[in-house]
Amino acid sequence: MPKGYGGERRDPDRVKRDGWRDQGVLAVSVDDERLSWPEKELVRQLGDRLYGPRPGEPNAPDP
């Protein structure tokens, strides 16, 4: 089989952890229950700044 096929599939948190540790890439949900409100707000603000507001949020462009 080609590399990457077969074997065990990593759970999403493992993929995120490996991405952070190996490449410095952080993937976090603004709704992650492990985060406090200020941490969630920081994530939301970073997302808005880098990628624009999510649909349905204040200041989001009309579809």
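Counting heavy atoms from C-beta on, the side chains of V43 and D32 never come closer than 4.5 Å.
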Contacts table for residues 9-19: side-chain donor-acceptor under 3.5 angstrom, sequence neighbours left out:
residue	atom	partner	partner atom	Å
R10	NH1	D18	OD2	2.8
D11	OD2	D13	N	3.2
D11	OD2	R14	N	3.2
R14	NE	D18	OD1	3.4
R14	NE	D18	OD2	3.3

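Linking ILVMFWY side-chain heavy atoms closer than 4.5 Å, directly or via other members, places W20 and V30 in a single hydrophobic cluster. Linking Ile, Leu, Val, Met, Phe, Trp and Tyr whenever their side-chain heavy atoms come within less than 4.5 Å puts L26 and L35 in one cluster.
The structure places CD of Q45 at 11.5 Å from CG of L50, a figure rounded to the nearest 0.5 Å.
The two residues K40 and E33 come nearest to each other via the heavy atoms NZ-CA, 4.4 Å.
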